[in-house]
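Convention: sequence-line order gives letters A, B, ...; per-chain numbering from 1.
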Amino acid sequence: MSTAVMTFLLICSSVTMVKALAAIQDGNSKRMCMFLGCTILGGVIFLIMQYFEWTHLIHEGMGLTQNPWGASQFGTTFFMTTGFHGCHVFAGICYLSAVLVKGLRGGYSRTNCSGVETLGLYWHFVDLVWILVFTFVYLI
Amino acid sequence: MDEAERRKEHLQDEHVTTLHPNYMGVFWWLLALTLLEVIFGSLRTGPSYPHIAKIVLLVSMAVGKAALVALYFMHLKFETRTLGIIAITPMILCAFFLFMLMPDSAMR
């Protein structure tokens, strides 16, 4: 259930990211910064939830080479896949923060927003990968 | 404002209109598909709901969601056909690797 909430969070953060880009394309820098802040918040909550999920599973006996509920390879697949994804979310939060700081300093405008667009592509791809991870690792 | 600047503004307007699809509509679709995935994923498989049907359903919904993100949020729908082909090419490679690994995983 918590992973469904995590998926929901990433989808919401993708929406706020696309809204941030739409805002700066309309020339509204303030609105862009607000939506970027919301996107960062979504990413941070996602990572906090992932931390609690990991610690819970480790306490239950799951590890990189062990899985008390079945094939040990699942532990490797689970931690490697979700771990690498989590690293990308963390990198995304750093990237979002850098763009937010530049945005607050007035570094983006209607005609100069390719930096926000590139960030958006990164963040949406992280979301896209999570959609597949959620299905293949958690549901199937 | 000279002619060149006016033209740039006009092009920017056209660009922005194309890039502002109904994002909230896409969001509701993604939310609905996620809920359906959770429901179908939690159902117990059996004679009336075979395991293969569950996998096909879940994978189809995940691919649908990924396509919505790529097409609307990443604006692939508004890009050139060549870029679409470039984006799809690694998927073919991904499917190839998946099918190559299947005999190995089926024997474990």
For [X], look at atom [atom1] and say whether over 12 heavy atoms of other residues, nucleotides or ligands are found less than 6.0 Å away.
{"X": "B:W29", "atom1": "CH2", "value": "no"}
{"X": "B:W28", "atom1": "CH2", "value": "no"}
{"X": "A:F74", "atom1": "CZ", "value": "yes"}
{"X": "B:M100", "atom1": "CE", "value": "no"}

message = At a 4.5 Å cut-off on heavy atoms, which part of A:Y138 comes close to chain B: side chain, backbone, both, or neither?
response = neither
Measure the [atom1]-[atom2] distance between [X] and [Y] for me, rounded to the nearest 0.5 Å.
{"X": "A:M17", "Y": "B:M74", "atom1": "CE", "atom2": "CE", "result": "11.5 Å"}
{"X": "B:F27", "Y": "A:F8", "atom1": "CZ", "atom2": "CZ", "result": "4.5 Å"}
{"X": "B:K65", "Y": "A:D127", "atom1": "NZ", "atom2": "CG", "result": "8.5 Å"}
{"X": "A:L121", "Y": "B:H75", "atom1": "CG", "atom2": "NE2", "result": "8.5 Å"}

Please tell me whether [X] and [Y] are part of a single hydrophobic cluster in this structure, the criterion being side-chain heavy atoms less than 4.5 Å apart.
{"X": "B:L58", "Y": "B:L35", "result": "no"}
{"X": "A:F52", "Y": "A:V133", "result": "yes"}
{"X": "B:I86", "Y": "A:Y122", "result": "no"}
{"X": "A:V101", "Y": "A:F35", "result": "no"}
{"X": "A:W123", "Y": "A:Y108", "result": "yes"}

Flag the pair [X] / [Y] as yes when at least one side-chain heavy-atom distance between them is below 4.5 Å, and no otherwise.
{"X": "B:V59", "Y": "A:F136", "result": "yes"}
{"X": "A:T7", "Y": "B:E37", "result": "no"}
{"X": "B:V38", "Y": "A:F134", "result": "yes"}

ask   = Considering the options B:T34, B:V26, B:L68, B:L33, which one meets the side-chain contact (heavy atoms from CB on, under 4.5 Å) requirement together with A:I11?
value = B:T34
task = Apply the side-chain contact (heavy atoms from CB on, under 4.5 Å) test between B:I55 and each candidate in A:T135, A:L139, A:I140; give the one that qualifies.
result = A:I140
inquiry  = Under 4.5 Å from any heavy atom of chain A, what part of B:M61 do you find: side chain, backbone, both or neither?
reply    = neither
note = Cut-off 4.5 Å, heavy atoms of chain A, and the answer for B:A70 is both
ask   = How far apart are the closest heavy atoms of A:L128 and B:A66, and which atoms are they?
value = CD1-O, 3.6 Å
Which atom of A:I131 lies closest to which atom of B:A62, heavy atoms considered = CG2-O, 3.6 Å
